[in-house]
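Every heavy atom of this structure was used, including side-chain atoms; hydrogens, water molecules and symmetry mates were not. Chain identifiers are assigned alphabetically (A, B, ...) following the order of the sequence lines, protein sequences preceding nucleic acid strands; residue numbering begins at 1 within each chain.
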Amino acid sequence: MDKAVLLALEDRCTYEEPPACQSFCPLHVDARAIVQKILEGKPAEARKTLDRQMPLAQLAGWLCEGACRERCLRHGLDSGVNLPLLELYVIQNSKTIKPFPMPASSNKVAALGSSLGALVLASELSRKGHKVTIYLTGPQGGSLLKVLERAPETVLAETWDLIHFLGNSIETAPAQTPEFLAELLGQYRAVFIDQGDPSVSPSALGLTAEELVIDPVTSGSLRENVYLAPPSSVDRPFLAALVAGKATMGSLDRFFQGVKPNVAREKEAVFPTTLMVDISQAQPEEAIDPVNPFEPTADEIKAEANRCLKCACQACLAVCPHLRYFKGYPKKYAREMYNNIITAYGIRTSNIIITSCLECDLCKEVCPNGADVAEFVRKARKEMIDTNHMPAAAHEYALEDLLSANAPDTAFFRSAPNQEKSERVFFPGCQLVAARTETVLKAYAHLNQTLGSVGLMSSCCGAPARWSGRSGLTSQVAKTIRHLWAENGEPVFILACPSCQLFFQAELPEIKIMSLWDVLAQLPPPAPVQSLALTLHDPCAARYDQALQKNVRRLLTVFAPKFTEQKFSGRLTKCCGYGGLGAHANEPLGFAFAQDTVAGGAAPLISYCVMCRDRFSQTGAASLHLLDILFPEGDLPAVMKRAGANLTEKRDNRRLFRRLALSAFWREEEPMPTPPPHEIVIPDQLWAKMEKRRVLRSDIESVIAEAAKNGPLFFNQISGHSLANLRPRQVTFWVEYEKDPAGRFIVHDVWCHRMVAPGSPGEGAESPATLEGYARTGGRV
Amino acid sequence: MDRKIPDIDITGWICHKCQSPLTMVQVNVTYMGASFEVELPSCAQCGLTMIPEFLAFGKMLDVEKLLEDK
Ligand code: SF4
Ligand code: SF4
Ligand code: SF4
Ligand SMILES: [Zn+2]
């Protein structure tokens, strides 16, 4: 896989960008993490986070004036979270870890003046072995009066102790003259001039105003090897001193290693973050006013921490259960999926992330940067197929279903009755034919009567092959359709299923298509108006098809005028879980999708994709397909509660559709299918398990047929049950049964597995879900 | 690989062809080109192997998934 594919997704997802409080904090303190740890009741953990960015936190925590507050996203709402107060609480409720004194390096530094900047530099630099000599320029203590207005004397005393402990030294400076500065520069590798100390006099040292302009990145000056802390007259002087100390340390660290002080420091300046945060749901809440602002209580701090919105981009995560399921976010998934694809040896642990996506495109629509997970997944799947790394079980059933729908006993193409060629062909799609067999026949009759010259084609369009990333099978199916279309006078295809429509647009652009709903909207009404209140659901395949969405609404306005919209509709509609075969690869997640989507509508749902309709009904929700109100079959309240056809019924129904249609419209009588030679009884309670494990009635029949011929494999002397198995494809089916006195086979249990144990009949059978298999099973219609 | 599976209930089952009881035997199961040993109830005489349901939907399924991700 091309790395550009990874970057395309990675670059667009800004989830990892810092929140505004952090990007605008000159120290870049990770306040969001600190809030989180405070709320978890772990101030010691919060301290570790604080220590990473804030130098000399035990003192600085008393002082920082908080540049973050006015950048906090709460600022516009009420007031920014009081992060300085939270930090004060953290240092008051955690221990300061005493550093280990390092042996002295040869890099010696002088600090002139002894205010906050010098203390920060000395304590931080000496941890790495670079000792600092602090030159006092005035009476001891005078330099730190401002600090003592906020921080207790004990904390300051401890800071001096620490500075001594780390091997730094304190001297008294002689008169401040240019010669003295020159002397220091000769003796030390660098000199830090702490202008925060009122007794420091840069002009006496011979520094011009021009030389005193501080480089915001390095804290250096125009005089070589001279670094500066700003005077206390600047805005937020404490924070400015902390920044100067920290920046100088970064510069000297580089300098001592022979690297230029300004190398790789892009991330140190403040910057506006690109993190997108939706605060539309945030409620105003006034900041707490602590009783003692120098000693906030745990309750006060909790309340304040709770005001933090924990700024994060949730746009796609909020709408997609798949993205939430694996506990990450697109940028992280992009890397995981990419690493998965390029894995040469070992387990590909992220296959499931790739196969669970519905390719529904919703994330791209809600992401402020248009990060396109679906596009990545499509490419990843194709590559997995091409390199033979797609887990066989993920899509096998869906592909077998495709092949069965296109098998000669099921699929057909006919021009309109009594016509050699017809202008149009109705292509209802394999799922609709399977789920609404009779209704589709009625719809076809209606089209023929009112429109005339409409042929009929029943087959699968090939969408599952495309979803699974199998380009060979996809084009093979498309080729069959194209061939029939060309041979039969290039009719316009009338499509009922939005997924078919997408498939035709992508794979068969030469075929002119129309949506059934467009056609029906222009024909005389087939049905009475319904007074039901319904919620319209747009299938995800219709996301970008505004004409289709409009036509459906036009029909509904006439036939069910009381309909309302789903919470997520049109371009922002949610998928039922079937898209991209996600529900095949990850059934629990597919179910979560259906539930999530159902939750967007109060009234019974109506969709114009029958997969949505059936999946909604699996969650227990009342739902209809658009055809149900146009060609009603029975009482609608009953229809909307009806369960969808099961897998076995679907296959039977497609075959039935062929027989009924050929007989009713073309007077072609097909022989009745031969009933299985044995009467087999499958108890009702077994069907749920069969659905879950994708066992068909025909699978059971083939095992029983084998057992009836050659005898079962095992027999239970206590229960009297027999056990037989067969491996008709890449799955071995086991059936536990009993023959009753009337000669019927009563099935007690069924299970299956893909592994091969020695001695199963049919061992070595391969799945037909391959191109070769497709050719063998007769991909012709 | 040691894949002992405890407590398989094979009470009452016999091989239909040989009418012999089943015993636990190490057999080789294969999937996607990988093979491994697992103890399964098999006919004492002809060696025919039985894969009970709880194994098919339990441990076997886990191993299948693992091998598919290889
Ligand atoms: S919406 Fe999703 S993909 Fe886009 S930036 Fe946010 S987290 Fe990343
Ligand atoms: S709400 Fe919290 S995370 Fe967001 S900017 Fe404010 S302090 Fe930072
Ligand atoms: S399921 Fe849909 S919204 Fe979720 S990641 Fe896949 S394409 Fe995006
Ligand atoms: Zn035997």
Closest heavy-atom contact between [X] and [Y]?
X: B:M50; Y: A:W734; value: CA-CH2, 3.7 Å
X: B:L48; Y: A:L713; value: CD2-CB, 3.7 Å
X: A:C752; Y: B:A56; value: O-CB, 3.6 Å
X: B:L22; Y: A:F714; value: CD2-CE2, 3.7 Å

Would you mind reporting whether A:L723 and B:W13 have side-chain heavy atoms less than 4.5 Å apart?
-> yes
Would you say A:T349 and B:D69 make side-chain contact, with heavy atoms under 4.5 Å?
-> no
Segment of [X] engaging chain B (4.5 angstrom heavy-atom cut-off):
X: A:S722; answer: backbone
X: A:N340; answer: neither
X: A:I352; answer: neither

To the nearest 0.5 angstrom, please state how far the CD atom of B:E68 sits from the CZ atom of A:R348.
-> 13.0 Å
Against chain B, work out which of A:R754, A:Q717, A:E736 has the most heavy-atom pairs shorter than 4.5 Å and name it.
->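 When all of A:R754, A:Q717, A:E736 are compared, A:R754 has the most.
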Apply the test side-chain contact (heavy atoms from CB on, under 4.5 Å) to residues A:I718 and B:T11: give CA-CA distance (whole Å), side-chain angles for both, the deciding distance (0.1 Å), then the verdict.
-> CA-CA 8 Å; A:I718 302 164; B:T11 327; 3.7 Å; yes
With sequence neighbours left out, what residues match A:H721 under ring-ring contact (aromatic ring centres under 6.0 Å, His included)?
-> A:H748
Is it true that a side-chain atom of A:W751 and a backbone atom of B:I51 form a donor plus acceptor pair closer than 3.5 Å?
-> yes
Of all the residues in residues 376-394 of chain A, which have a heavy atom that comes within less than 4.5 Å of a heavy atom in chain B?
-> A:H389, A:P391, A:A392, A:A393
Close approach to chain B in residues 682-694 of chain A, criterion heavy atom under 4.5 Å = A:K689, A:R693
Could you give the side-chain donor-acceptor pairs of residues 582-590 of chain A under 3.5 Å, partners two or more places apart or in another chain?
{"residue": "A:H584", "atom": "NE2", "partner": "A:Y578", "partner atom": "OH", "Å": "3.2"}
{"residue": "A:N586", "atom": "OD1", "partner": "A:L589", "partner atom": "N", "Å": "3.3"}
{"residue": "A:N586", "atom": "ND2", "partner": "A:S356", "partner atom": "OG", "Å": "3.0"}

Quick one: of B:M60, B:H16, B:K17, B:K70, who has the most non-hydrogen atom pairs under 4.5 Å with chain A?
->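 If we count pairs closer than 4.5 Å to chain A, B:H16 comes out on top.
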Portion of B:L61 that has a non-hydrogen atom of chain A nearer than 4.5 angstrom =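 The side chain, not the backbone.
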